[in-house]
Amino acid sequence: MKIHLQLTSADRSFIPSLKPLLQGHNVGLNDAPIGTITEVEMRATARGAKHIATTNPTLLYKLLRAEYARKKPSLDDYAGSIIERNGYEYLILNPLDHLVTTPTGNFLYKRYFSKFTDQQKWFPVPNFTWEIATPASLGSLYTKFSSASFIAVDIETIKEQLAITCSGYCGVWFDSSNNTIKFHAIVIPCTDEFMLAWIGKFNQLPAPKIMQNGKYDNAYFLRWGIPPVNWTWDTLNLFHCWYSELPKRLDFIASFILRKWEFWKDEADVPIHSEQYYRYNAKDAFTTAIAFLGLMQEMPSWARQNYQQEFPLVFPCLQAELTGLKRNESNFQKLKDQIEEAIASELQLLRSSLGEPNFNPNSPKQVVQLWKVLGSSDISSSDTPARDIVKNRHPINRFVVDRIENIRKNRKLLSSYLKDGLTLHGRILYQLNPSGTDTGRLASAESHYWCGLQIQNIPRDRTDIVYKGIFAADKEFYIGEGDYDQAESRGTAYLSGDTSLIETVNSDKDFHALNASSFFGIPYEKIVDALGDVLDKTLRDLSKRVNHGANYNMAEQVLLNTMGIENVLRARSMLRLPKNWTLLEVCRYLLAVFDKTYPIVRGPWYDKIKVDVITTHMLVGPTGWTRYCFGNPVRNKRDMNRYAAHPPQSLNAMTLNQAWLKVFYEVALPNPKDFKLCAQIHDSILFQYRVGRDDLIRSVHQCMLFDTAVVDTFGTSRILRVPVSMKAEGKTWADVKKVDWLKIAA
DNA sequence: TGGCTCTGCGCC
DNA sequence: AAAGGGCGCAGAGCCA
């Protein structure tokens, strides 16, 4: 096959990276500017090519202009799409720099390129047929769909009243007599109670349901009292379980799985309840159905096993999302007033002392300008490390920077956590997404209902501000929370097989104080006394930071940034390091001390991670959870850092996810009147239990405690059991108290 | 005005 | 040359 590759001049320097992908194929390259489409087709014809691949956005624009005059199409949206014109096939590709700047570029290029060179291996796309259901046709359509093997479902919604505007169904019928698959999509407009009832009836059809991010659709179905049965498949979760590092939007999945596919999301911008609107809905359902079949055909067994672990999580997540937490209105208002007042007075002070009545401390540009005035024109950023440098140069700087920091902190609180529109019916809602991260942690975001907040980054309580007090227990309920103790460090210890670290995490003594003692040669008794009270907080904090830094494979500059100049200076004098050492030298020393204490972690274990990724592209965790890795940890330190952070973070996530499921099935479902599952926050489970049902605290504790066999770098298997500490009896999230009777009674 | 990217920052 | 992992959200600033 002959292919014409129409590039841009910006691609020129990346052509060497492309060459290996073109080997064995007859490809002609051209990077001249685009005049007209005809001109490009003439270039192709000149070399006998009917297939044109392009990275040229102008060409894409010209190809689409007739259909979508509204806005410029984005190359990234259309990457992988095939557009037909005049008997030519156009394959849209991202700019060639993706081959070098993204870990997935090479893989995607190869895959998309095979849409031309290896056409028969692609899943065949059937014809798209669809119709709008009417009261007259619904009866017969219902009969027809009753025999479907699968039904893909997708809804459209509007913000007003959180209403469903229509629901699309794409039936899939397997006919074993002639070995064919039939598809047909319908859209039921949700225009009145009668149609809503029909949507509910279709949702009750027995066929397994396929959705793309069905948690969204189901939030609306549940809101309107028409839940579906047999939701078994979700293309979002399927794809995440296969290639967690790739995008997971339906349009991306479609162009990844299907050869002849053209991005269609630009069609969405049409009037509600118009025919095009319904067509768009039908097409989404159709796409979900065929993407599902393509995924089933192609996904390897390890990815399916991932799915068996991941998909069940959507049910407790959906329940927790719709439960949310009640807001304590008076605490909320009081806090908001307090913060607004603090901002106003600090801002006034700052502006008048600078003599700049319009100065905005949140503007990076203005703050960098201010550095110039203060004689720090070498600092070009206004972020935390930059401010740290500036404020340590002069007491006047410190005064100004302190004001800026106070204002920024409080403004952040106000805009992200004390904003309008947090609640629905007095409750703060959110999403918990099992497909949101590369490691298998849940991600969180604002609710599907266009309100609420991300529940996993709530500000921790400070001496002056107690934010968590705005989350209130329901009437006759208490808030409780179960936390894994030092989960990631335990994971690092068992996964690496560093026996010193294993000994440290398993000790009854304080983890960070033990570290401080081994790192700096100070007797443990001088850091923590016999009662467990901390005597040397500074030293303990220092070892905490060093441990944290080393675990994430920090370089010394970054350790300096996170520790701050003052802390590093303090470390230098406290540890009696040479006075002529620079801050960076001190940081280098601190990281070296970690390596000396725990030589296996950043030594043989990291080597093992590199070998695994380079030779297999896989990181397989103790639960079997497998991450496909596109990056190269040998050539690229960023990739190395990601893959070094993955095993402990993922193991911790898997542990928590299993506990989350257990709590759902063994505590929440059997006790619907007395227990509410609220959220998962990376190493904790937040819940509510009815006053008097202290036994449920113990039940959660039991669900969270379990054993995992972990094999280390050298093949030794050990049983890891992460201890759990329980907090409970909170009238708000801020006043949960440590539960101390669990151990005694157990 | 709306949409986009960049910067900054909250949590574990 | 320099390189901290995993997230999501808001404001600033710029462009059309």
Side-chain angles (χ1 to χ4, degrees), chain A residues 70-72 74 76-77 244-245 269 360-368 380-387 404-405 407-422 430-447 452-462 465 467-468 481 483-489 491-492 545-563 584 587 591 602 609 627 631 633 635-653 656 679-684 686:
Chain A
R70 289 181 302 279
K71 58 171 188 182
K72 258 208 147 121
S74 120
D76 190 48
D77 280 346
S244 64
E245 296 182 10
D269 190 16
N360 179 359
N362 282 71
S363 158
K365 218 178 151 193
Q366 291 183 33
V367 172
V368 170
S380 58
S381 159
S382 76
D383 62 8
T384 313
R387 293 195 307 269
I404 292 174
E405 294 191 331
I407 294 166
R408 282 194 177 183
K409 259 204 155 43
N410 285 333
R411 278 189 175 169
K412 172 85 175 174
L413 207 60
L414 206 55
S415 63
S416 295
Y417 303 101
L418 296 166
K419 61 184 177 182
D420 296 335
L422 277 191
Y430 36 83
Q431 293 177 48
L432 294 166
N433 296 323
S435 56
T437 72
D438 291 353
T439 58
R441 273 184 174 180
L442 301 190
S444 175
E446 292 172 359
S447 164
L453 36 69
Q454 213 277 46
I455 195 66
Q456 293 176 327
N457 69 351
I458 300 303
R460 15 172 2 147
D461 293 341
R462 314 198 307 243
I465 291 160
Y467 182 77
K468 285 182 178 169
E481 189 168 9
D483 276 82
Y484 283 116
D485 295 335
Q486 296 297 340
E488 279 200 33
S489 286
T492 302
R545 289 164 194 275
V546 170
N547 175 60
H548 192 250
N551 275 332
Y552 288 129
N553 202 21
M554 279 182 196
E556 52 261 26
Q557 178 64 57
V558 184
L559 184 65
L560 171 57
N561 290 348
T562 49
M563 284 183 63
L584 284 178
C587 290
L591 291 168
R602 304 215 291 179
I609 291 171
R627 171 172 176 179
R635 279 211 300 265
N636 184 321
K637 185 168 190 293
R638 299 200 74 138
D639 288 342
M640 181 61 222
N641 291 341
R642 291 156 66 206
Y643 298 136
H646 174 87
Q649 189 177 118
S650 182
L651 172 57
N652 179 29
L656 189 60
Q680 192 194 92
I681 300 141
H682 304 314
D683 60 10
S684 77
L686 188 70

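Every chain is numbered from 1 and lettered A, B, ... according to where its sequence line falls, protein lines coming before strand lines. What's counted below: heavy atoms across the whole structure, side chains too, no hydrogens, waters or symmetry copies. Worth saying up front: this structure is predicted, and the values here are computed from it rather than measured.
- Closest to the side chain of A:Thr439, from the set C:dC7, C:dG6, B:dG8, is C:dG6.
- Rounded to an integer number of Å, the gap from CD of A:Glu446 to C1' of B:dG10 is 13 Å.
- Among the atoms of the strands shown, none is found under 4.0 Å from any heavy atom of A:Ser684.
- Closest contact between the side chain of A:Thr437 and the listed nucleotides C:dC7, C:dC9, B:dG8 involves C:dC7.
- You'll find that the side chain of A:Arg387 is closest to B:dG8, out of C:dC7, B:dG8, C:dG4.
- As a whole-Å value, the separation of A:Ile458 CD1 from B:dG10 P is 13 Å.
- Across all strands shown, A:Asn551 has no heavy atoms under 4.0 Å from either base or sugar-phosphate atoms.
- Per the geometry, CG belonging to A:Asp438 stands 15 Å off C1' belonging to C:dG4, to the nearest Å.
- The side chain of A:Ser416 lies closest to C:dA10, out of B:dG10, C:dA10, B:dC12.
- Among the protein residues, A:His646 comes within range of no part of the nucleic acid, since none of its heavy atoms lies under 4.0 Å from any strand.
- A salt bridge is defined here as a Lys NZ or Arg NE, NH1 or NH2 lying under 4.0 Å from an Asp or Glu carboxylate O, and A:Lys419 with A:Glu446 meets this definition.
- Judged by distance alone, the side chain of A:Tyr467 and the main-chain N or O of A:Tyr417 form a donor-acceptor pair under 3.5 Å.
- With A:Ser444 contributing its side chain and A:Leu432 its backbone, the two residues share no donor-acceptor pair below 3.5 Å.
- Within the 4.0 angstrom heavy-atom criterion, no nucleotide atom of any strand lies near A:Glu488.
- When side chains are defined from C-beta on, A:Arg441 does not count as touching A:Gln680, because their heavy atoms never get closer than 4.5 Å.
- Taking the P atoms as reference points, B:dG8 lies 16 Å from C:dG4, given to the whole Å.
- Using a 4.0 Å cut-off, some side-chain N or O of A:Lys409 falls inside it from OP1 or OP2 of B:dG10.
- Here the nucleotide nearest the side chain of A:Arg408, chosen from B:dC12, B:dC9, C:dG8, is B:dC9.
- The side chain of A:Asn362 approaches C:dA12 more closely than any other nucleotide in the set C:dA12, C:dC9, C:dG5.
- Under 4.0 angstrom from either OP1 or OP2 of B:dG8 there lies no side-chain N or O belonging to A:Arg411.
- Computed from coordinates, the A:Arg642 CZ to C:dC7 C1' distance equals 14 Å when rounded to whole Å.
- Looking at A:Arg642 and A:Asn636, their side chains never bring a donor and an acceptor atom within 3.5 Å of each other.
- Protein atom CD1 of A:Ile455 is 23 Å distant from nucleotide atom P of C:dG6, rounded to whole Å.
- Atom pair A:Leu413:CG and C:dA10:P shows a separation of 13 Å (rounding to whole Å applied).
- At the phosphate of C:dA10, OP1 or OP2 sits under 4.0 Å from a side-chain N or O atom of A:Lys419.
- Heavy atoms from other residues, nucleotides or ligands lying under 6.0 Å from CZ of A:Arg462 number more than 12.
- Rounded to whole Å, atom C1' of C:dA3 lies 13 Å from atom CG of A:Leu591.
- The side chain of A:His682 lies closest to B:dC12 when the candidates are B:dC12, C:dC9, B:dG8.
- For A:Ser381, no side-chain nitrogen or oxygen approaches OP1 or OP2 of B:dT7 to under 4.0 Å.
- Residue contacts for A:Gly549: at a heavy-atom cut-off of 4.0 Å it reaches no nucleic acid atom on any strand shown.
- Interface remark: the A:Arg441 side chain does form a donor-acceptor pair with the B:dC12 base, using a distance-only criterion of under 3.5 Å.
- Of the candidate nucleotides B:dG10, C:dG4, C:dG6, B:dG10 has the atom nearest to the side chain of A:Pro459.
- Residue A:Ser363 places at least one side-chain N or O closer than 4.0 Å to OP1 or OP2 of C:dG13.
- The side chain of A:Lys365 lies closest to C:dC14 when the candidates are C:dC14, C:dG5, B:dG8.
- A close approach under 4.0 Å does not occur between any side-chain nitrogen or oxygen of A:Thr562 and OP1 or OP2 of C:dG4.
- Between the C1' atom of C:dG6 and the CE atom of A:Met554 lies a distance of 13 Å, rounded to the nearest Å.
- Counting heavy atoms from C-beta outward, A:Val367 and A:Arg408 have side chains that approach closer than 4.5 Å.
- Closest to the side chain of A:Asn457, out of B:dC11, B:dG8, C:dG4, is B:dC11.
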